[in-house]
Every structure is written in C-alpha cells, then in structure tokens.
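In this chain, residues are counted from 1 in sequence order.
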Amino acid sequence: MAPLRRGAIPPTPSSAPLPLYEQLRHLGLPLMVTPAMRRADLLERAAPALIWVAVLTVLGSTESTAFSHLSPTEMETLETSRHETAVLIGVVAFFAAFLSPLLAWMIYRPLRARSVRVRRVSTIVAIVITLFGPVLPGVIGWPAPMVRLLIVLLAFAVTYWGLATSVRWAARRLRHELSGLAPMLSRVLPLLMLTVLFFFYNAEIWQVAAKSDASRISVVVAILALLCTLLAIANVREELRHEVQHHEHTTDGAAPLTAAERGNLLAMGVLITLIQSCLLGILMFVFFMVFGAVSLPLATIEQWTGSPVDRLGGILSDWAVTPSLIKVCVVLAAFSALSFTASSGTDATYRERFVSPTLRNVREALLIRHAYRTDAGSAGLS
C-alpha cells in the first residue's frame with residue numbers, strides 16, 4: 001500500500017474533510033492524537049461529560065429533596081413496603097441510566113454548532129453548578145465537596161483519555177452494525193440454528209434451567225461473555241500485529257506505535273467484534289423466545305423439567321412464556337455469541353464478511369496516523 005504524501009488527508013466517512021486528528025477520533029482512536037492536542041482543546045471537549053455530571057447531580061439532589069419532605073409515618077411505610085421501594089429504585093435507576101444522558105444531550109446538542117467560546121462557557125457553567133450547587137436554597141443531598149471536585153476531575157480525565165469519544169464512536173458503530181443485520185441473518189443464523197436447535201430440544205438443558213436460579217444463570221452467562229471477550233482479544237491481537245508490521249515495513253518514516261496506541265487499536269477491534277456478537281445473541285434470544293412460545297406445549301416443558309410450569313403474569317400471561325424458557329434462551333443466546341466469535345477467527349466466510357471491514361478501518365487509521373504524526377512533528381506538537 002502506497003504511503004500518503006505529506007499533509008494529504010485520506011477519505012473519511014463524512015462528506016466534508018476533517019482535520020487529521022478529528023479523523024482519528026471519528027475512527028474511535030483518540031489516543032492516537034498527540035497529548036499536546038488533547039490538552040489544547042480539553043475544555044470545550046469536556047462539555048458533554050460535565051453537562052451530564054451537572055444534570056445527574058441535580059436530578060439526584062431533586063430526588064433526595066423529594067424524600068426529605070416525607071413524614072416519618074410515610075418513610076416507615078415506604079421502608080416496610082418492598083413493592084413501593086422497588087418501584088422507587090426503578091425510577092431512580094431510570095433517571096440515572098436514561099433520562100440524565102438524554103437531558104445532557106438535549107442541552108449540549110444546540111451548543112455543538114456554536115463557537116469554541118460558547119462550548120467553553122457551557123463547560124464552566126456545568127462546573128460551577130456541580131461545585132457550588134449546594135448554595136442554592138432548599139437543595140439537599142448534594143455530594144460532599146471533595147467528591148464533587150473528584151467528579152469534575154474525573155470528567156476531565158475521561159475526556160483527556162478519549163473515553164467519551166470512544167463511547168460516541170461505539171454508538172455510531174452500533175448504528176452501522178444494525179444497518180447490516182440482513183447479511184448476519186442470512187449467513188450466520190442458518191448455520192447456528194443447526195447446532196443450537198439440538199440443544200433447544202434437549203430435555204437436559206431444560207432440567208438444568210428449571211433447577212437453577214437467576215444468579216446461577218447470570219454466572220453462566222458471565223463466564224461465556226468472558227470467554228467471548230478473551231477470544232475476541234486473541235483474534236484481533238493477531239490480526240493487528242500483522243497489519244502494524246505491514247504498515248511499518250511499507251510506509252516510509254512510519255513511527256512505531258506506542259503502547260497506548262496499540263491498546264486503542266486493540267480496543268477498537270475488540271469492541272467491533274463484541275458489538276456484532278451481542279447483536280447476534282439478542283437476535284438468537286428473540287428468535288428462540290418466539291419459537292419456543294409457539295412450538296413448545298406447556299405439557300412438554302413440564303415433562304422435560306419434571307415440575308409444574310409457572311407462567312409469567314402481566315401481558316405475557318396469554319403466551320406460553322415460562323421462566324424456564326427465558327433461562328434456556330438466555331444461555332443459548334450467550335452460547336451463540338461465543339460460537340460466532342470463535343468462528344470469526346477461523347471461518348473464511350465469517351472473516352470476509354465481519355473481520356475484513358475492521359482490518360480496512362485499521363489500515364486507514366494507520367495511514368491517517370502517519371500523516372498526522374508527520375504534520376504534528378513538523379509543527380512541534382508531538
């Protein structure tokens with residue numbers, strides 16, 4: 001592969017040309033940007049993380065303030081009612097996991113098209129709200145001063161190391177993989193069905209599922225997920241080693257990759273593989289849930305498990321959906337994801353469809369990094 005001429009900008013996924021360092025961030029490789037550049041624009045890039053911290057802190061304080069207005073009798077009733085407590089915990093989790101990032105994104109989105117000065121001012125406002133919010137009247141439940149300071153510093157550290165950039169890249173990659181589900185359905189699912197259907201119609205797995213509680217099933221899924229991650233790391237590391245060696249031998253003046261850059265490349269490849277595996281696992285879970293509810297009589301499930309069948313309540317009460325069916329589908333979905341990850345490293349068809357695009361991204365990233373490092377070195381920003 002011919003090296004890029006000095007200052008050349010390789011093609012990027014976007015229509016308008018981006019600066020080289022922005023191209024690296026767009027590819028999910030923020031650690032390939034020089035430390036000097038990461039420090040130079042740190043304040044404005046930290047705006048999303050700090051706005052999210054401010055929103056989350058305000059929401060948490062609002063929830064604590066609401067609890068403070070409850071009478072002792074109401075608090076005692078709440079503590080003795082498991083159902084209401086579970087509902088409140090769910091509401092708080094909803095605020096923390098979904099609503100606070102959504103609100104932060106809604107606040108920051110109009111600022112993205114503004115000038116650097118506006119983004120810097122928004123960052124400073126978010127810091128002031130996080131650090132000095134307790135001075136507002138009627139506000140309680142705010143974290144301790146040292147905790148607030150550590151949270152702000154952690155937001156800057158996350159931004160400097162590019163974790164927020166990596167999360168945005170992962171979201172874009174997930175959207176890209178969702179648009180390519182059709183090839184996965186046509187190439188992967190038929191082959192997996194031949195193997196997994198044998199286990200699905202096996203009485204032993206149903207007996208194990210019926211005798212195992214949710215915690216045990218969670219441990220099994222966690223072990224399979226760990227094996228899937230280790231397989232992905234092993235497969236991607238070997239492929240990256242060949243790509244990096246080829247780049248260094250064919251590109252004149254290519255600087256050796258640092259440990260952080262190699263780790264960033266490895267993380268990018270592993271995340272792509274895990275996103276694909278998770279999507280496949282979700283598809284397998286949905287398929288077997290629907291297939292089992294339609295094809296398995298409750299009498300058959302009762303015969304396999306050796307115990308009476310319990311149906312789920314609520315909207316699923318009219319369907320043949322049982323706890324045993326859910327457990328079996330979860331285990332088979334995790335097993336399917338592991339099988340897909342293993343096949344990606346050995347099967348030629350899987351490699352051409354799912355691994356080769358990742359390697360093309362790696363080659364593009366190495367060329368962009370070479371051009372960027374050349375320009376940064378001449379400008380004294382390395």
Side-chain angles (χ1 to χ4, degrees), residues 82-83 86 89-90 93 97 177 181 184-235 270-271 273-347 350 354:
R82 294 183 178 180
H83 176 71
I89 292 175
E177 295 297 337
L181 281 181
M184 181 179 290
L185 290 173
S186 62
R187 297 187 182 188
V188 179
L189 284 183
L191 297 177
L192 278 176
M193 291 302 176
L194 298 176
T195 303
V196 181
L197 274 177
F198 171 78
F199 294 103
F200 186 73
Y201 284 113
N202 194 301
E204 282 75 12
I205 191 173
W206 287 86
Q207 293 171 5
V208 172
K211 302 299 181 182
S212 301
D213 55 11
S215 60
R216 187 179 297 272
I217 296 296
S218 301
V219 171
V220 172
V221 173
I223 292 174
L224 293 176
L226 177 61
L227 292 176
C228 184
T229 304
L230 294 177
L231 271 176
I233 292 175
N235 294 337
V270 171
L271 275 176
T273 302
L274 293 182
I275 289 173
Q276 295 170 347
S277 301
C278 288
L279 287 178
L280 178 68
I282 293 172
L283 289 175
M284 294 294 289
F285 174 80
V286 173
F287 171 81
F288 279 111
M289 283 293 296
V290 176
F291 186 71
V294 172
S295 65
L296 289 177
L298 294 178
T300 302
I301 298 178
E302 186 172 326
Q303 181 181 3
W304 283 347
T305 59
S307 58
V309 175
D310 294 330
R311 287 198 181 193
L312 297 179
I315 61 175
L316 298 177
S317 58
D318 296 333
W319 295 83
V321 178
T322 65
S324 297
L325 175 62
I326 296 176
K327 295 175 186 176
V328 170
C329 291
V330 168
V331 173
L332 291 182
F335 174 77
S336 300
L338 177 62
S339 177
F340 169 78
T341 305
S343 300
S344 298
T346 56
D347 188 270
Y350 282 30
F354 301 106

Scan the side chains in residues 218-234 for donor-acceptor partners under 3.5 Å anywhere in the protein, sequence neighbours excluded, and list what turns up.
residue : atom : partner : partner atom : Å
Ser218  : OG   : Ala214  : O            : 2.7
Thr229  : OG1  : Ala225  : O            : 2.9

Please list, one pair per line, the donor and acceptor atoms closer than 3.5 Å that link side chains of residues 288-304 to other protein atoms, with sequence neighbours excluded.
residue : atom : partner : partner atom : Å
Ser295  : OG   : Tyr201  : OH           : 3.3
Ser295  : OG   : Phe291  : O            : 2.6

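Here the SG-CD1 distance, from Cys278 to Ile275, works out to 8.0 Å after rounding to the nearest 0.5 Å. For the atom pair CD of Glu204 and CZ of Phe199, the computed distance is 11.0 Å after rounding to the nearest 0.5 Å. Leu280 CG to Phe287 CZ: the interatomic distance, rounded to the nearest 0.5 Å, is 12.0 Å.
Proximity of a side-chain donor or acceptor of Ser339 to a complementary backbone N or O of Phe335 within less than 3.5 Å is not detected. At least one donor-acceptor pair closer than 3.5 Å links the side chain of Lys327 to the backbone N or O of Ser212.
Applying the side-chain hydrogen bond (donor to acceptor under 3.5 Å, both in side chains) test to pairs two or more places apart or on separate chains, none has a residue in residues 278-291.
Side-chain contact check for Thr305 and Ser324: no donor-acceptor pair (N or O, by modelled atom type) lies under 3.5 Å.
Side-chain contact between Val270 and Leu274: present, with at least one pair of heavy atoms (C-beta onward) separated by less than 4.5 Å.
Here the rule is side-chain contact (heavy atoms from CB on, under 4.5 Å) with Cys329, and of Ile326, Leu332, Leu325 only Leu325 fits it.
Residues Phe200 and Val328 share a closest heavy-atom pair of CD1-CG1, 4.1 Å.
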Run the side chain to side chain contact (heavy atoms under 4.5 Å, CB included) check on Leu279 and Leu283 step by step: do they pass? CA-CA 6 Å; Leu279 287 178; Leu283 289 175; 5.5 Å; no
